[in-house]
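Below is one structure, written out as structure tokens; the observations come after it.
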Amino acid sequence: MRPSANAKPRASSVDSFIDGATLYAAGQQLPQLTLVRCKPQKPMVRAGFTLTAEIRRQLIAQAQQQQLSRSKLIRTLIHHFGGLSPAQQRRLIQQHPIR
């Protein structure tokens with residue numbers, strides 16, 4: 001059933017909007033959604049780096065488990081690492097001597 005044109009739209013995030021579109025495509029009823037304006041983000045840039053086959057498999061598995069893109073998972077981990085103190089960063093690197 002399509003919502004009436006007079007219904008007041010609810011604000012939502014991009015993720016909620018996509019979830020609603022998925023429900024709509026599956027033929028399920030969904031609330032009316034609109035995008036909320038956010039302050040512009042800086043454009044993303046491509047970065048190249050080398051991973052071992054095992055680390056790549058772990059990255060893919062963790063991204064699938066968390067239902068995130070691999071790049072978002074990497075950005076999240078880098079953000080978290082940057083929030084650690086220098087001593088905590090050194091300790092983490094020493095605890096996990098990954099090539």
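Positions are given from 1, in the same order as the sequence printed here. Just so it is clear, the values below take in all heavy atoms, side chains as well, and ignore hydrogens, waters and symmetry mates. These numbers were taken from a predicted model, which means no experiment stands behind them.
Here the OG-CZ distance, from Ser71 to Arg46, works out to 9.5 Å after rounding to the nearest 0.5 Å. Once rounded to the nearest 0.5 Å, the distance linking CZ of Phe49 with CD1 of Ile55 reads 11.5 Å. To the nearest 0.5 Å, atoms OG1 (Thr52) and CZ (Arg57) are separated by 8.0 Å.
For the pair Met44 and Arg75, the minimum side-chain heavy-atom distance is below 4.5 Å. Residues Thr76 and Phe81 form no side-chain contact, since every pair of their non-hydrogen atoms from C-beta on lies 4.5 Å or further apart.
In this structure, Leu51 is a member of the same hydrophobic cluster as Leu73, with clusters built from ILVMFWY side-chain heavy atoms closer than 4.5 Å. Following chains of ILVMFWY side-chain contacts shorter than 4.5 Å, one cannot reach Leu92 starting from Leu77, and the two form parts of different hydrophobic clusters. Residues Ile60 and Ile74 do not share a hydrophobic cluster, clusters being chains of Ile/Leu/Val/Met/Phe/Trp/Tyr side chains in contact below 4.5 Å.
The closest donor-acceptor contact from the side chain of Gln88 to the backbone of Ser85 lies under 3.5 Å.
Of the options Gln62, Glu54, Arg56, a side-chain hydrogen bond (donor to acceptor under 3.5 Å, both in side chains) to Gln58 is made by Glu54 and by none of the others.
Closest heavy-atom contact between Gly82 and Gln89: CA-NE2, 3.8 Å.
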